[in-house]
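Report on the following structure.
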Amino acid sequence: MPPVRGTLTPLRPLADLTWLRVGGPADWLFQPADEADLAAFLAALPAEVPVFPIGVGSNLIVRDGGIRGVVIRLGRGFNTISIDAEAGTVTAGAAALDAHVARRAAAAGLDLTFLRTIPGAIGGAVRMNAGCYGTYVADVFRSARAVTREGRIVTLGPDDLAFAYRQSRLPEGWVLTEARFTPPRGAPEALEAKMAEQIARRDASQPTRERTAGSTFRNPAGFSSTGRPDDSHELKAWSLIDAAGMRGARRGGAMMSEKHPNFLINTGDATAADLEGLGEEVRERVFQSCGIRLEWEVIRVGEQGPAREN
């Protein structure tokens, strides 16, 4: 491995770095000190070594066999939040938590309230074009910085990322380090009230106190819930799962939530195989029920089988 200024750990278990608390080790876990450290490392890393960036692990199943190659996890050097209220811009490091960015922006009179209830960090939000209540990252995105697999630092605009529902066109092995947004303006008090209402609505309908990875499958309708009274549930993933009789379904320590059937839960002793296997069973049952094949929203990476012994 190339020399680094950050932390480079061999055979690092990953379960404690994901919200679902499952998965085997990474061959290497790299936590760069800053963007320059990350760029130098990737430039020197042999091209055949796979690279997989993770955020706070909120939308991730690491399989029980772990991840071959280098997992990159951004930390304190990448979690700054800078606001230019006069220009109306919010700049956040890729490791800054979505909820923190939303709150800081609201205090400055800038509306990123849709991020308040989205689990995870800004890097993942940009990569997945995160959204809820009818607003998506693509609606407020201005630019991002990234380090390519070859170690170049580049600036990306909306056309480069080609945002679509729950996806962007970020090349394999590239690591987002920062994003800039130009949200609409609003009164801080009104934005705070809006976020409080969204949190109450989320807590009433989602299993927020359980070990989950957020929504398990994308909505076949091609958009997230708007939160409006006229919102249609006809092609929402949760309604199709419910109609297929999979609300509360179990496999080992994995369970589809009784409260919201599009949430996959680790009840305490699930393996990654339990979780992914139950998810695949749900997909098959929904397909048999209505002819629609659900697409995973949770990212699944790594090798099947037991974790390799150190």
Side-chain angles (χ1 to χ4, degrees), residues 18-24 57-65 117-120 124 127-134 136 164-168 201-202 204-306:
T18 73
W19 285 25
L20 282 168
R21 294 294 189 265
V22 296
S58 61
N59 188 41
L60 185 67
I61 293 176
V62 176
R63 296 186 177 110
D64 299 310
T117 58
I118 296 176
R127 183 180 183 275
M128 293 293 291
N129 188 23
C132 63
Y133 305 126
Y136 300 86
Y165 175 59
R166 293 292 187 263
Q167 60 186 303
S168 67
R201 190 184 308 165
R202 178 200 64 183
S205 63
Q206 298 176 9
T208 54
R209 298 184 182 278
E210 306 283 356
R211 286 184 184 173
T212 80
S215 296
T216 306
F217 301 106
R218 300 176 183 177
N219 288 327
F223 54 86
S224 60
S225 297
T226 65
R228 295 192 299 266
D230 62 350
D231 195 5
S232 171
H233 301 295
E234 184 178 355
L235 284 178
K236 297 294 178 61
W238 76 263
S239 63
L240 300 179
I241 295 168
D242 204 19
M246 295 300 284
R247 182 190 290 263
R250 292 176 176 264
R251 173 180 291 207
M255 174 183 175
M256 301 308 296
S257 170
E258 291 275 8
K259 191 172 189 179
H260 192 308
N262 193 28
F263 278 66
L264 187 57
I265 294 172
N266 180 353
T267 63
D269 58 352
T271 63
D274 290 339
L275 293 161
E276 188 171 12
L278 179 56
E280 287 299 322
E281 184 181 346
V282 166
R283 294 180 72 227
E284 185 59 33
R285 288 285 294 275
V286 168
F287 182 71
Q288 292 173 0
S289 172
C290 66
I292 293 174
R293 185 74 70 180
L294 293 176
E295 295 183 25
W296 282 88
E297 184 169 325
V298 171
I299 297 170
R300 296 149 298 128
V301 294
E303 295 185 350
Q304 304 282 4

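All of these numbers come straight from a predicted model, not from anything done at the bench.
Listed by chain and number, the residues in a side chain to side chain donor-acceptor pair (under 3.5 Å) with R166 are E297 (sequence neighbours excluded). The side-chain contact (heavy atoms from CB on, under 4.5 Å) test applied to A164 returns Q167, not counting sequence neighbours. In terms of the side-chain contact (heavy atoms from CB on, under 4.5 Å) criterion, residue partners of S58 (sequence neighbours excluded) are, by chain and number, W19, V56, P119. In this structure, the side-chain contact (heavy atoms from CB on, under 4.5 Å) partners of R63, at least two apart in sequence or on a different chain, are E276, R300, Q304. Looking at residues two or more places apart in sequence or on another chain, you find no side chain to side chain donor-acceptor pair (under 3.5 Å) involving R285.
A distance of 5.0 Å separates CE of M128 from CG of N59, quoted to the nearest 0.5 Å.
Within the structure, the side chain to side chain donor-acceptor pair (under 3.5 Å) test picks out the following pairs touching residues 242-266 (sequence neighbours left out): D242-R247, R251-E281.
In this structure the side chain of V22 never reaches within 4.5 angstrom of the side chain of D274, judged on heavy atoms. The closest side-chain heavy-atom distance from Y165 to Y136 is below 4.5 Å. Put simply, the side chain of M256 reaches to within 4.5 Å of the side chain of L278, judged on heavy atoms. A heavy-atom distance below 4.5 Å is not found between the side chains of V282 and T216.
The minimum heavy-atom distance between A272 and D64, with the atom names listed, is N-OD1, 3.0 Å. Annotation for V286 and I241: closest pair CG2-CA, 3.9 Å, computed over non-hydrogen atoms. Nearest heavy atom pair, residue G131 against residue I118, reads N-CD1, 3.7 Å. Minimum interatomic distance between L240 and P220 (heavy atoms only, all atoms of both residues): CD1-CG, 3.7 Å.
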Practice prompt. Start with the C-alpha distance between R127 and I299, add both sets of side-chain angles, then the distance that settles side chain to side chain contact (heavy atoms under 4.5 Å, CB included), and finish with yes or no.
Written response: CA-CA 12 Å; R127 183 180 183 275; I299 297 170; 3.3 Å; yes
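Not one N or O on the side chain of T212 forms a donor-acceptor pair closer than 3.5 Å with the backbone of I265.
Using a 30° and 60° split on the angle between ring planes, F217 and W296 fall in the tilted class, from 30° to 60°.
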